[in-house]
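Quick note on labels: first sequence line is chain A, next is B, and so on, each numbered from 1.
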Number of protein chains: 2
Amino acid sequence: MSGPTIYDVAREAGVATSTVSRAFSNPNRVGATTRERVFAVAAELGYRPNPHARALLSGRHHTVAMVVSDITNPHYFELIRGAEQRAKASEYTLVLVNVEESPRVEWDQVQRLVPAVDGFVLAASRLPDENLRQVAGQRPVVLISRELPDLASVVLDHVEGCRRVVEHLASLGHRDLVYLAGPRNSWMAATRWSALQAATEENGLTARRIGPFTPKVAQGPAAADGALNAGATAVVAHNDLLAIGVLQRLAQRGVRVPEDVSVVGFDNIFAADLCTPGLTTLGGVHADVGRVAMELLLDAAAPAGRPEEQPRVVLPTELVLRGSTGPVRAP
Amino acid sequence: MSGPTIYDVAREAGVATSTVSRAFSNPNRVGATTRERVFAVAAELGYRPNPHARALLSGRHHTVAMVVSDITNPHYFELIRGAEQRAKASEYTLVLVNVEESPRVEWDQVQRLVPAVDGFVLAASRLPDENLRQVAGQRPVVLISRELPDLASVVLDHVEGCRRVVEHLASLGHRDLVYLAGPRNSWMAATRWSALQAATEENGLTARRIGPFTPKVAQGPAAADGALNAGATAVVAHNDLLAIGVLQRLAQRGVRVPEDVSVVGFDNIFAADLCTPGLTTLGGVHADVGRVAMELLLDAAAPAGRPEEQPRVVLPTELVLRGSTGPVRAP
DNA sequence: GACCTGGTGGCAAGGGGTTGCCAAACGGTT
DNA sequence: AACCGTTTGGCAACCCCTTGCCACCAGGTC
C-alpha cells in the first residue's frame, strides 16, 4: 500500500538504514558519494519519508492547527490565507478547524489535536482565559484578535483605530454613538467597546452600547431596530457583517444612510465596498495578521524552544472612508 | 514534554499494555471491570493516544486534505465549511491547502501530503488528468467542480444550469451572449462554455467567448472592455468575482446595467446580492457540495476499502435573478 | 474426574525512522 | 612499524501503539 521505506533504499544502495536516515535528516553526517547514491536510489524508488514515523520519535510533526470561530466570515479568509501561506513556506502542514462560535467545540477540538500538532493559532478564540493558559501549557499558542499576559498575540491596534473612528464621527458633527456589541465572550468586542468609550470621552461625545449580537448579517435587523429605537445618529457595528445587515435593514425601513444615520463597521471585508452605500470601516492588512501569527508560532515551535517572553504584536489599522458616514442631520 | 503513554497507564492499572491498547481501540475484547479500571486510570493520568503511533501501524491517519485553488474566493469558503463540518463530525482532521491557481504548487503540495493523509478532496483542481489519476492511485480522491472517468466527483449541474441562464436571457430578448472565460486549465470553464454553446444553439442564440481571464475582481475591467468591444448585450462571466469586476467597470464607463448590458455570474457568492445592481447568478448549495465530497471521501477511505465504481454526484443549481439582467435594449 | 468451550489477558513482534555509541577505515606522524 | 585522530557507517535500542497467537481460567458436559 504505502511506498518504499528506508529499508528498501538501504538494501538497494547497499548501506545501512541509519545511513539512509542520516542522508535525509543530517546530510553532512554521511559522505558525499554515499549520500549521492542514497539520493539516487531513493529517487528511483520513489521513496518518501513517513512523517508519522518521524514524528513518533521526535515528537515534532511539522503540523500546526489554526482555529477560527466562524469560517463563513470573509474576514477570516484573509487570516487563513496569510497563515496558510506562511506555514506552507516553511513546509508546515496547516490543519483548519472551524468552531462556530462555540467555546465547547473549540475546547474539544483543541484537546483532540494537542497530540497531533506542534502548536496552535487561535483566531478570535472564545475560550476563557484559564483554558487558553492550559492549552499554552501543552503546546505553543499564538492568539489573533485577543491578548492575554504571557501569551503571544497578534492584534490590530484598536485603541488607535477606534480613536480614528470617533474622531471621524466627531468631525461630522456626531455627538453620540451607539455601539452594536459583538459576542459576550469576544475579547475584541470588549476591547472595541472600551476603546470607543475612551475615545468618545476624549472627544466629548457619549457612547452607548446595545447587544450583544452574533456578528452575522442575519443579526443586522435586530441591531438596526435597536439602534433606531435608541435614537442613534451614528452606529458603530461590531463588524462589517453586522454593519451590512444593519444597512440592509435601514434601507428597508426607509432610513437614509448617511443622511439620517451614519454606519461604521470593522474589518473592511471584501463586500464592504460593494454594498450601498459603501461601508466606512476600520480595516487592516488581515493577511499580514495571519502571516505574523504563523511566524510567531513557527518560531515558538522551533527546536530552539520557545523564548521566555511572549511577543505581542500590534499591527496598524486603517480607517477606510466610504459612503456610509456623513454629516449629522440638522437637529 | 508529551503526556503519559499506555505504559504508564498499564503500570498504574496493573495490567499489560496490550490490555490498555485494546480497552481503547477494541473495547469488547477486554472484560468490563478491567476496562473500567483502565479508563479510570487513563482519565486520572490525562492519557491521550498518540495518533502518530497509531497511524504508523494502521496506515490510517484519520486525516484528510482539502486542496482549493484560490482561498480568497468566497465561493470556496462554503465548500470548505461543508467539508470541514463533515470531517469534524467523523473526527477526521482537515488539512487545508491553498494552491493559488498553480498546478505546480498543487502537485508539490499533494505529493508532500500523500504519506500523511488518508485522502484528498480537490476543489477545482488545475492538475492535468494524468496527474489526477496518479494521485488517485496513491490515495482516495474526490473531485469538486471537475469530472474525470473513474474518479469520484461532486459537481453542480451546469448543463441544466447554463440552459436556465440562456433561457432567461433569451426570454429577455437577447440573441447573443458573450462568455468571459475562466482559466485555461479549469474544467469548469470548459464545461460552462460547452454547456452555454449547447443551450444557445438549442434556443437559437449565438455565443461568443473571450478570455481566458483569471477569475478575480481585478480582471473585471479587462473582461468588461473586451465584452463592450465585442458589442455584447448579454455577458456571462466565469464567476461572480469576475462579474462584480465587470459591473464596476461598466458603471465606471457609464454603461447602464441592465439597460445597456445584462450581466450574469456563477456561484452566488456572499457579495452577489450586495453589489449594485444585484447580480443575477447561477448558484447552488455549495456547503452541500463540500459536505457530500467529504462524505464520499470518508466512505472511500473507510476500512472497507473503496468500492469499485466511483460515484459521480451532480447537485442541482439554482438561477438567482437579481437586477443585473433585464430586457435587451431596443436595437 | 477428564475434557471442552468461550472469554480474558499477556507476550512479543512489528511499523518506519532516529540516534547514541562503537568500530572500521583511512591518511598522516614519528 | 607502531600510533593517532578523524571521518564514516553500522548496530541496536527506542518512540508508542497494535495485533496475532498462545496461555490461562472458570464453568459446563458427559
Side-chain angles (χ1 to χ4, degrees), chain A residues 1-42 45-63 91 112-118 138 303, chain B residues 1-39 41-42 45-63 112-118 138 303:
Chain A
M1 158 116 295
S2 29
T5 71
I6 47 169
Y7 294 94
D8 302 316
V9 177
R11 179 164 20 79
E12 210 67 18
V15 299
T17 59
S18 51
T19 304
V20 178
S21 171
R22 274 193 276 262
F24 281 97
S25 53
N26 197 357
N28 44 5
R29 183 69 181 63
V30 42
T33 45
T34 317
R35 193 194 320 145
E36 286 317 314
R37 194 161 77 260
V38 168
F39 285 164
V41 172
L45 263 50
Y47 165 77
R48 298 182 158 281
N50 181 323
H52 295 290
R54 206 184 270 238
L56 185 53
L57 189 55
S58 65
R60 325 214 58 268
H61 320 72
H62 252 256
T63 298
E91 300 203 299
R112 189 174 76 77
L113 287 173
V114 161
V117 303
D118 292 335
Q138 307 178 87
Chain B
M1 156 116 297
S2 28
T5 72
I6 48 170
Y7 293 93
D8 302 315
V9 177
R11 179 166 17 79
E12 210 67 17
V15 298
T17 60
S18 51
T19 304
V20 177
S21 171
R22 273 192 279 262
F24 281 97
S25 53
N26 197 357
N28 45 5
R29 183 68 182 65
V30 40
T33 44
T34 317
R35 193 195 318 145
E36 286 316 313
R37 194 162 76 261
V38 169
F39 285 165
V41 172
L45 265 51
Y47 166 76
R48 297 184 160 279
N50 180 322
H52 295 290
R54 205 183 271 238
L56 184 54
L57 192 53
S58 66
R60 325 215 57 269
H61 320 72
H62 248 53
T63 299
R112 191 174 74 78
L113 287 172
V114 161
V117 303
D118 292 335
Q138 306 178 89

Distance in angstrom units between A/I6 CD1 and C/dG15 P, rounded:
12 Å
Where each residue is assigned the nucleotide of DNA chain D containing its nearest heavy atom, which of A/T33 and A/T17 is assigned the position nearer the 5′ end?
A/T33
Assign B/V15 to base, sugar-phosphate, or nothing according to its heavy-atom contacts below 4.0 angstrom with the strands shown.
sugar-phosphate
Can a donor-acceptor pair under 3.5 Å be found between the side-chain atoms of B/Y7 and the base atoms of D/dC17?
yes
For B/R11 and D/dC17, what is the distance between atoms CZ and P respectively, to the nearest whole Å?
13 Å
For D/dG10, does OP1 or OP2 lie under 4.0 Å from any side-chain N or O of A/S18?
no
For the CZ atom of B/F39 and the OG1 atom of B/T34, what is their distance to the nearest 0.5 Å?
11.0 Å
Can you tell me whether the side chain of B/R22 and the base of C/dG10 have a donor-acceptor pair closer than 3.5 Å?
yes
Mind calculating the distance between CG (B/D8) and C1' (D/dC16) to the nearest angstrom?
11 Å
Using atom CZ of B/R54 as one end and atom P of C/dG14 as the other, report the distance to the nearest whole Å.
22 Å
Whole-Å distance, A/H61 NE2 to D/dC16 C1', equals 11 Å
B/P51 or A/V30, whichever maps to the more 5' nucleotide of DNA chain D:
A/V30
With a 4.0 Å cutoff (strictly under), does any side-chain N or O of B/T34 reach OP1 or OP2 of C/dG9?
yes
Looking at A/S21, does any N or O in its side chain come under 4.0 Å of the phosphate oxygens OP1/OP2 on C/dT18?
yes
Nearest whole angstrom, please: distance from the C1' of D/dT18 to the CZ of B/F24.
14 Å
Taking atom C1' of C/dG9 as reference, at what distance in whole Å does atom CG of B/N26 sit?
13 Å
Without decimals, in angstroms, what is the distance between A/R60 CZ and C/dT19 P?
12 Å
Find the distance between CZ (B/R112) and NE2 (A/H62) and round it off to the nearest 0.5 Å.
8.5 Å
I want to confirm an ordering. Mapping B/L56 and B/A16 to their closest nucleotides on DNA chain C, which one lands closer to the 5' end?
B/A16
I'd like to check A/N50 versus A/T5 (side-chain heavy atoms, cut-off strictly below 4.5 Å). Are they in contact?
no
Backbone N/O of A/T17 and side chain of A/S21: donor-acceptor pair under 3.5 Å:
no
Can any side-chain N or O of B/R37 pair as donor or acceptor with the backbone N or O of B/A13 at less than 3.5 Å?
yes
